[in-house]
There are 2 protein chains.
Amino acid sequence: MTMNDGEIILDPAAIETQSFAIIDAEVGAHTYTARQWPIVRRVIHTTADFDFARATWFSPDALETGLAALRNGARILCDTNMVMAGVNKTRLATLGGSLSCHVADADVAAEARAQGITRSLLATRKGVAAGASIFLIGNAPTALYELLRLARSGAVQPALVVGVPVGFVGAQESKEALVAAGLPAIVCRGRKGGSAIAAAILNALMILAEESQP
Amino acid sequence: MTMNDGEIILDPAAIETQSFAIIDAEVGAHTYTARQWPIVRRVIHTTADFDFARATWFSPDALETGLAALRNGARILCDTNMVMAGVNKTRLATLGGSLSCHVADADVAAEARAQGITRSLLATRKGVAAGASIFLIGNAPTALYELLRLARSGAVQPALVVGVPVGFVGAQESKEALVAAGLPAIVCRGRKGGSAIAAAILNALMILAEESQP
């Protein structure tokens, strides 16, 4: 962005290129592969927080199974509407994917009240029943725990779990449970995470899926 | 959150209370007032990032004019749909407020293409024309610059500008321009910010508006 006689000249593509160059220059040494780094860099771009250059963790199979699912038009479940709002819909449509979030569904809310359990947990069950194979969890540890339970029971075999709940109570533990579960996963270890990060990781993966056809 | 025989027991209110206690215990010395601190604390709660205990800036009149507008059912303009998705709609309805975002409107997109300017800029103009008085800007420096231009021209007198664009190119400069403008404002100075933070600040303000009637 440059200012010129009070006029703002803005080219989003140029700004992104310049931002990535700044991140590359400032990040220092890291251990990510050439395919992992664009994902981590987009998270840093979204947060301006270089902690993610240490905290972001990939299971060995995460990119392979996640990208394959994206190229085949995956059903993607988000734990909040904020995650869903952050996903690039144009890119997703090009890949033939679909996106859903059930946490605000009326039937989920009614059943949560009736059963005395969280809407996030029931929304995860509903998404699994609908055939989701990629899971974006930016907020709710209960959504992540329920997904892990369903995976253990054989009810779902996720192609990718983006597990990045944020917070001081329960979030970190839920992410370590995901790391330990042996599923294809991308995780921000520690307390940090959130909706914007979950969406950024998917957006970066979709660019990779388009660029690097197998 | 506690685990008990594999069942997760989660009480969101209890988790929030416990999270706030952890933040209070870890934050150390800060200079925020008793009314400012719940806002900063909710930003830290949303990000797990204590940098916001230094970066968050309030203009002297921000809380007074912002809370007054919220209690009178303010029209609130968001720069992205992700900000809008993060706002607590139940609380906003109780206060009689309304929420809009025009960045994805078809007429805004068409006019942006025709004029060769950004959708964010035109979406700001449309929101001002519709009578918005509270502005949540979590992403687009151009939205913030256009709002500052409209305020200088007398086209709008904001009750509150939440100016928290994130990024490496232009974001910081746009926020310093807001600080310098003398408007009622809450700003995250530096590079950090984002949609979740803009929404968190409004959510915290709405709780204050309900709790502390004048």
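To find a chain, count down the sequence lines: A is the first, B the second, and so on, and within it residues start at 1.
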- Note on the structure: By side-chain hydrogen bond (donor to acceptor under 3.5 Å, both in side chains), B/Ser195 pairs with (sequence neighbours left out) B/Asn139
- Look at atom CD of A/Gln157 and say whether more than 12 heavy atoms of other residues, nucleotides or ligands are closer to it than 6.0 Å. no
- If you check every heavy atom in residues 48-57 of chain B against those of chain A, which residues fall under 4.5 Å? B/Ala48, B/Asp49, B/Phe50
- Message: So if I take each residue of residues 21-41 of chain B and look for any heavy atom under 4.5 Å from a heavy atom in chain A, which residues do I end up with?
- Response: B/Ile22, B/Ile23, B/Glu26
- Message: Among residues at least two apart in sequence or on other chains, which ones pass ring-ring contact (aromatic ring centres under 6.0 Å, His included) with A/His102?
- Response: none
- Task: Pick one of side chain, backbone, both or neither for B/Thr46, based on which atoms fall under 4.5 Å of a heavy atom in chain A.
- Result: backbone
- Note on the structure: So CZ of B/Arg191 and OG1 of A/Thr47: to nearest 0.5 Å the spacing works out to 11.0 Å
- Which residue out of B/Ile117, B/Thr80, B/Val166 racks up the most heavy-atom pairs below 4.5 Å with chain A? B/Val166
- Go through the steps to decide whether A/Phe168 and B/Ile44 satisfy the test side-chain contact (heavy atoms from CB on, under 4.5 Å), and finish with yes or no. CA-CA 10 Å; A/Phe168 293 87; B/Ile44 297 169; 3.8 Å; yes
